[in-house]
Amino acid sequence: MSSKIYGLYGASGFGQEIMFWFARQLERAGDNSRVVYIDDGSDKPVVDGFDVLNYEAFLAQPEPEKFATIAIANSVIREKLDHKLQRDGIRQIPVCGDYSFVRGATLAEGSILSAYVDITANVSIGRCFHANTYSYVGHDCVIGDYVTFAPRVSCNGNVHIEDHAYIGTGAIIKQGLPGKPLVIGKGAIVGMGAVVTRDVPPGVTVVGNPAKPLVRS
Ligand code: UDP
């Protein structure tokens, strides 16, 4: 029996999307350790052929070396689980789908890049970053912790994105300038297809082209 076990945290929609890459990268690395889902709310014992264990059951497995990656889109849950994994000394491994590239960038623990993601030069990214398929991060971007990119986000160079921001499918973020980045504030939401041409304050949702704060009727 291998001394290692790998858990993908989240057996719901996003987790099921990512399991393919998670299991495949281990297989390609020649690591035939056990791969499971970790999920505290699932009523299914098996999903797509992988056992589903709650966190306590995962901890109780016999393999002494435990690794996990959090595949849950909600960034607040991600932060909570990240703290739990750190507390318990469980290392998070990055997931990188096919045709995704990280060049000259640093990513903190727990990142998930789906397929066809391009992270370019002089980029710095915080904990548990999620980038869905066909997303781009231009040069000199600084991205905080628990940030989420839906598919096809185009984040041009010199953009700063603060913790917990969510960038919707197909959003385009205008390039900032060296020393004067375009800033997307903490917890801000950029709607699907928005074209962001100026800073977004913390906690604000913007939509449209050019993107403006969402006024709820
Ligand atoms: N979940 C969990 N522990 C938590 C919070 C959530 O295991 O503390 C699981 C939850 O049971 C669910 C998944 O995370 O299966 C989140 O699924 P959801 O469909 O809400 O989101 P997505 O898969 O799109 O991220």
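Atoms within each ligand, like the ligands themselves, are counted from 1 in listed order.
Proximity of a side-chain donor or acceptor of Gln61 to a complementary backbone N or O of Ala57 within less than 3.5 Å is detected. One N or O on the side chain of Thr120 and one on the backbone of His139 form a donor-acceptor pair closer than 3.5 Å. Under a 3.5 Å cut-off, the side chain of Thr69 and the backbone N or O of Ile93 do form a donor-acceptor pair.
Under 4.0 Å is where a charged nitrogen must lie from a carboxylate oxygen, and between Arg103 and Asp118 at least one such pair does.
Ring planes of His83 and Tyr146: perpendicular class, angle over 60° (limits at 30 and 60°). Note: Tyr134 and Tyr116 have parallel aromatic rings, judged against thresholds of 30 and 60 degrees for the angle between ring planes.
Closer than 4.0 angstrom to ligand 1 lie heavy atoms from Tyr9, Ser12, Gly13, Phe14, Asp39, Asp40, Gly41, Ile72, Ala73, Ile77, Lys80, Leu81.
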